[in-house]
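What follows is a single structure, written as structure tokens, with notes after it.
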Amino acid sequence: MERTLAIIKPDAVAAKHTGNIIDIIENNDFNIVRMYKTKLSRDQAERFYAIHKGKSFFEELVCMMISGPIIVLALEKDGAIKAWRELMGDTNPANAAPGTIRNLYGISIGSNATHGSDSPATAVQELAFFFPDL
Ligand code: CMP
């Protein structure tokens, strides 16, 4: 089975959507392999999102990701990477399909409730970042 990294971002944790989002994850037949709550340092956030360094929204992204606690999850399912991205919906909540997590809980493109790995190579890197024992 495939694995992917999911993050419940500070905006969704602060709004107390954690339980609802975990319900959606389990109702869609993902196995939660590992999960914990943490708060990123600036250095960790900059390293995690290094691929976006130099983009206009990088500073906003880092500030948002260190603004409060996050929940990180290693999810497992057949086709987990694509399935989790579909369940999250479009990056911009304004364009996210009805019923997707970002449609339900996202506020803006910067505060969009959740993150998910975008490819098998990224999933390996991102899982190792938060779950080095996996
Ligand atoms: P995520 O899936 O975590 O991957 C990178 C994040 O950058 C993305 O979700 C958005 O939250 C954020 N992002 C992408 N584009 C913009 C933008 N134009 N303005 C602010 N944040 C953005």
Side-chain angles (χ1 to χ4, degrees):
M1 279 208 280
E2 189 172 66
R3 288 179 177 175
T4 192
L5 180 83
I7 301 178
I8 305 177
K9 295 187 179 186
D11 55 295
V13 174
K16 304 209 179 292
H17 296 315
T18 299
N20 289 331
I21 293 172
I22 291 172
D23 264 356
I24 293 173
I25 288 170
E26 293 205 307
N27 288 338
N28 281 272
D29 290 329
F30 287 91
N31 296 324
I32 298 173
V33 182
R34 297 267 203 292
M35 172 172 76
Y36 63 90
K37 188 173 193 176
T38 187
K39 190 165 184 296
L40 293 178
S41 65
R42 171 168 281 273
D43 176 64
Q44 283 176 308
E46 288 184 355
R47 280 191 288 116
F48 182 76
Y49 279 118
I51 195 163
H52 296 299
K53 201 163 185 160
K55 294 186 184 163
S56 59
F57 58 84
F58 183 69
E59 181 58 22
E60 180 188 337
L61 173 60
V62 169
C63 284
M64 195 282 291
M65 288 303 291
I66 65 175
S67 66
I70 60 172
I71 314 287
V72 291
L73 307 96
L75 302 181
E76 186 177 69
K77 177 179 174 161
D78 284 336
I81 295 168
K82 186 164 176 274
W84 174 235
R85 290 183 70 79
E86 285 176 1
L87 198 54
M88 288 194 296
D90 193 276
T91 304
N92 186 347
N95 300 328
T100 59
I101 291 172
R102 286 167 169 163
N103 167 258
L104 292 168
Y105 303 122
I107 298 164
S108 64
I109 193 165
S111 296
N112 60 354
T114 51
H115 168 81
S117 310
D118 65 2
S119 70
T122 310
V124 168
Q125 274 178 16
E126 293 188 348
L127 285 164
F129 188 95
F130 286 109
F131 302 100
D133 60 313
L134 273 183

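For ligands, and for the atoms within them, numbers begin at 1 and follow the listed sequence.
- For ligand 1, the atoms closer than 4.0 angstrom to any heavy atom of Tyr49 are 1 (P), 3 (O), 4 (O), 5 (C).
- Heavy-atom distances between Arg102 and ligand 1 reach below 4.0 Å in at least one pair.
- Each of the following atoms of ligand 1 lies closer than 4.0 Å to a heavy atom of His52: 5 (C).
- For the pair Phe30 and Trp84, the tightest heavy-atom approach, listed with the atom from each and the gap, is CZ-N, 3.6 Å.
- A distance of 7.0 Å separates CZ in Arg85 from CZ in Arg102, rounded to the nearest 0.5 Å.
- Closest non-hydrogen pair, Asn103 versus Pro98, comes out as OD1-CA, 3.5 Å.
- With hydrogens left out, the protein atom closest to atom 19 (N) of ligand 1 is Phe57 CB, 3.4 Å, a heavy atom.
- Leu61 CD1, 3.7 Å is the protein heavy atom nearest to atom 6 (C) of ligand 1.
- Connection of Ile21 to Met65 is not established within any shared hydrophobic cluster, with ILVMFWY side chains joined at heavy-atom distances below 4.5 Å, either directly or through further cluster members.
- Residue contacts with ligand 1, taken as heavy atom pairs separated by less than 4.0 Å, do not involve Met64 at all.
- Between atom NZ of residue Lys9 and atom CG of residue Asn112 there is a gap of 3.5 Å, rounded to the nearest 0.5 Å.
- Rounding to the nearest 0.5 Å places CD1 of Ile24 at 6.5 Å from CG of Leu87.
- Proximity of the aromatic rings of Tyr105 and His17 is defined here by a centroid distance below 6.0 angstrom, and this criterion is met.
- For ligand 1, the polar-atom distance check finds an N/O of Ile109 within less than 3.5 Å of one of the ligand's N/O atoms.
- Considering both main-chain and side-chain atoms, Glu60 never comes within under 3.5 Å of ligand 1 through any nitrogen or oxygen pair.
- Between atom CG of residue Asn31 and atom CG of residue Leu73 there is a gap of 12.0 Å, rounded to the nearest 0.5 Å.
- At under 3.5 Å, not a single nitrogen or oxygen of Thr114, backbone or side chain, sits near a nitrogen or oxygen of ligand 1.
- Close to ligand 1: Lys9, with a non-hydrogen atom less than 4.0 angstrom away.
- Any N or O atom pair closer than 3.5 Å counts here, and His115 shares at least one such pair with ligand 1.
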